[in-house]
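Everything numeric in this text was worked out from a predicted model, so none of it was measured.
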Amino acid sequence: MQCTKKEQERTELHRAIWSIANDLRGSVDGWDFKQYVLGMLFYRYISENIAAYINEGEHATGDKSFDYAEIPDETAEQARQDLVDTKGFFMLPSELFENVRTLAESDKKLLESQKSVQNNHQNSNSYENLNEKLEIIFKNIESSAIGSQSEDTFKGLFDDIDINSNKLGATVAKRNEMLLKLMNGIAGMKLSYQNSSIDAFGDTYEYLIGMYASNAGKSGGEYYTPQEVSELLTRIALGDKKIVNKVYDPACGSGSLLLQSAKILGKSGVTQGYFGQEINLTTYNICRINMLLHDIGFDKFDIGHGDTLTAPHLLHFGEEPFEVIVSNPPYSIKWAGDDNPLLINDDRYSPAGVLAPKSKADMAFIMHSLAWLAESGCAAIVCFPGILYRGGAEQKIRKYLVDENYIDCVIQLPSNLFFGTSIATCILVLKKSKSDNSVLFIDASNEFVKITNNNKLTQANIQKIVDIYADRLDVKYTAKVVPNSDIAEQSYNLSVSTYVEQEDIREVVDIKLLNDEIERIVAREDILRREINSIIAEIEG
C-alpha cells in the first residue's frame, strides 16, 4: 500500500530522531535527551526564521543575492532594534545555527587531520569551544529581548538545555563531540515549516514522549495531549465559529491545544491571541518555544508560569473572558482546597458553595474555566471519569453545574488514547448560553483504531463525534439528550453509561433449539454407551 505524503514525512522525521538518539545513546538520559533535541530544534528554527525574514525584505528591494548569514556582524548590528521590535529577538550572523555548526564541523576535521588551529584564524577553536559558544549565543538571544515587549516571552527559554552538563560527557571534549553530533542530526532533519503536511515540532515532541512514555508521568512530570484529541476538543469548542477573540488553556502543557485553534481557524481567526498557564517549568519553556516555532508572534500569546488554581496568571490576560477554552488538566492531583480558607471566597469557586476535595482538584479546574468563559463561549475539558459519579463535594459541584444549566455535553472517549495511562477519559463541554435545559451524552468509546500499544482517533472518528455533537439528537446506542430534571433524579450522575444504552452484542441463543440439541446429544450418547457395553460383553465371553 502506497504511503501518503504525510506518512512519508513523518517516517523520515522519526528516522532522523532515532538516528540522533542512537548517537547520544548511553550518554544522555531519555527525558533529558528530549530537552536537548527540542532546544536545538528551536535554535535551528529561529536562526532560519530570522535569516529568512531579513532576506525576504532585502530581496523585495531588488538585492536578490543578499544573504544575512554571510554579512559581517558589524553590518547586522544596524538592524538590531528593528528586529527586536518586529521579531522579538536578535541574532548576529555568526550566531546562526548553520554558521556555528559548519564552523565547528570544519574545525573538527582540521583537528582530526592534526593541522594547527592557529593556522586557520577564521575557525579558531570553534569546535573545542563549541559548548562556550552555544552558551553565549543562547544568553544573547534571551538578553536581546530585555527591555522590550518580548522580554517575558524569551526569558529563560534555554534554561533546560544545560550545555555544560556532565550528562553530555565527563570532559569538555566529550560534551562538544555530543553537541556537534546533536547539531548535525538536527541539521539533517527535513523541516518545511510552511509547506509540510505535518507539524514537525508537535510530531517530534509526541514521538519523543512515545519513546520515553514510561517516564512521561514519573520523572518527567509532563503530559501530552495527542494531536487527534487536541483537534477533537478544539473543533467541539469552536463549533461553527470562524473568528474568536481569545483561546485559553489553564493547564497548557506544551501548547498543543492552543495551537489547534490557529491550525483550524488560521492565525487571523483568533483576533486577540493565545493564553495559558503551566506549573511545570520545563513544560512552560517548551510551550513558549512551541508557540514561536509555529510562528505565533510574541505579541499574540501570553503563557504564565505557576499554579493556575491558587495563583492564576489571568490578571495579565485582560478582563475580557475567553470565547474558547480547551484543556486537559492533570487528573485528580492534590491542591490546597479547604486548607486555604480564602479560596471559598474566590469568585471562581464560591458560586458552587463548596471547594473541590483536597485530594482531587479536577472540579477546581472546571470551576476555574467556567469563571473565565464568555457568555457566547464554549469550554471543552478532558476529565477523569470519577468526577462524573463520585459523591461528596464533587456531587455538590455537579449539582450546581446542572441546575445552572452550564453542562452542554459529556463525551465518553475510548481507553488508552494517552501516553502513560490506559484510562478511558471523558470530555466535559460547558456553555453559559444554551438553547435548552438538557445535556447531550455521547458514547464514543468505540471510535478508535488500534495503533501498536495505543488507541488512536482517526479523522473519520473525529468527524463522527463532531457531527453527533452538532446534531444534538438521540442516536441508538450512541447518543442521548437528557433533560436536567432527569439527571437530578439520578443524583446528578453524569456518567454516559447511565443514560446511553449499551448495545448487547452477545449472540442470541434460542433456548428451545438448544434444549432439543441437548436431548439429541444425550440420546445419541445413550445409544453409543449401549453399543460399547455390548462389545465389551462379547469380548469378555
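Using modelled atom types, one side-chain atom of Ser148 and one backbone atom of Ala145 make a donor-acceptor pair closer than 3.5 Å. The backbone N or O of Gly156 sits less than 3.5 Å from a side-chain atom of Glu142, completing a donor-acceptor pair.
Distance check, rounded to the nearest 0.5 Å: CG of Asp63 to CD of Glu58 gives 6.0 Å. Distance CG/Leu413 to OG1/Thr425: 4.5 Å, rounded to 0.5 Å. Rounding to the nearest 0.5 Å places OG of Ser47 at 9.0 Å from CD of Glu95.
Looking at residues two or more places apart in sequence or on another chain, you find no side-chain hydrogen bond (donor to acceptor under 3.5 Å, both in side chains) involving Ser143. Every residue two or more places apart in sequence or in another chain was checked for a side-chain hydrogen bond (donor to acceptor under 3.5 Å, both in side chains) with Lys133, and none qualifies. Contacts of Phe298 classified as ring-ring contact (aromatic ring centres under 6.0 Å, His included), with partners at least two apart in sequence or in another chain: none. Take Lys267 and apply the side chain to side chain contact (heavy atoms under 4.5 Å, CB included) test, not counting sequence neighbours, and it matches Asp295, Ile296. Qualifying ring-ring contact (aromatic ring centres under 6.0 Å, His included) partners for Phe301, counting only residues two or more places apart in sequence or in other chains: none. Applying the side chain to side chain contact (heavy atoms under 4.5 Å, CB included) test to Ile279 and every residue at least two apart in sequence or in another chain returns Asp307.
In this structure the side chain of Met91 reaches within 4.5 angstrom of the side chain of Leu96, judged on heavy atoms. Side-chain atoms of Phe90 and Leu92, non-hydrogen and from C-beta on, do get closer than 4.5 Å to each other. Taking the side chain as every heavy atom from C-beta outward, Glu320 and Gln272 approach each other to under 4.5 Å. Residues Pro250 and Ile325 meet the side-chain proximity criterion, which asks for heavy atoms closer than 4.5 Å. Contact check for Leu180 versus Asn184: side-chain heavy atoms found under the 4.5 Å cut-off. Looking only at side-chain heavy atoms (C-beta outward), Trp372 and Leu314 come within less than 4.5 Å of each other. Side-chain contact between Arg348 and Pro312 is present, with at least one heavy-atom pair separated by less than 4.5 Å.
With salt bridges taken as basic N to acidic carboxylate O contacts below 4.0 Å, one links Arg235 and Glu231. The pair Lys241-Glu323 counts as a salt bridge, with a side-chain nitrogen and a carboxylate oxygen less than 4.0 angstrom apart. Electrostatic pairing of Arg101 and Glu98 counts as a salt bridge here, judged by a charged N lying under 4.0 Å from a carboxylate O.
Taking the six-membered ring for Trp and the full ring otherwise, the centers of Phe42 and Phe158 sit less than 6.0 Å from each other.
Arg288 forms a cation-pi arrangement with Tyr284, by the criterion of a distance under 6.0 Å to the ring centre and an angle within 45° of the ring axis. Geometrically, Lys87 engages Tyr53 in a cation-pi contact, judged by NZ or CZ lying under 6.0 Å from the ring centre and within 45° of the ring axis.
In this structure, Tyr331 and Phe418 have perpendicular ring planes: the angle between them is above 60°, well past the 30° mark. Tyr43 and Phe97 have perpendicular rings, their planes meeting at more than 60° on a 0 to 90° scale where under 30° would count as parallel.
Summarising the geometry of Ile186 relative to Arg44, their closest heavy-atom pair is O-NH1, 2.7 Å, with the distance given to 0.1 Å.
If you run side chain to side chain donor-acceptor pair (under 3.5 Å) between Asp249 and each of Ser327, Ser230, Ser256, only Ser327 comes through.
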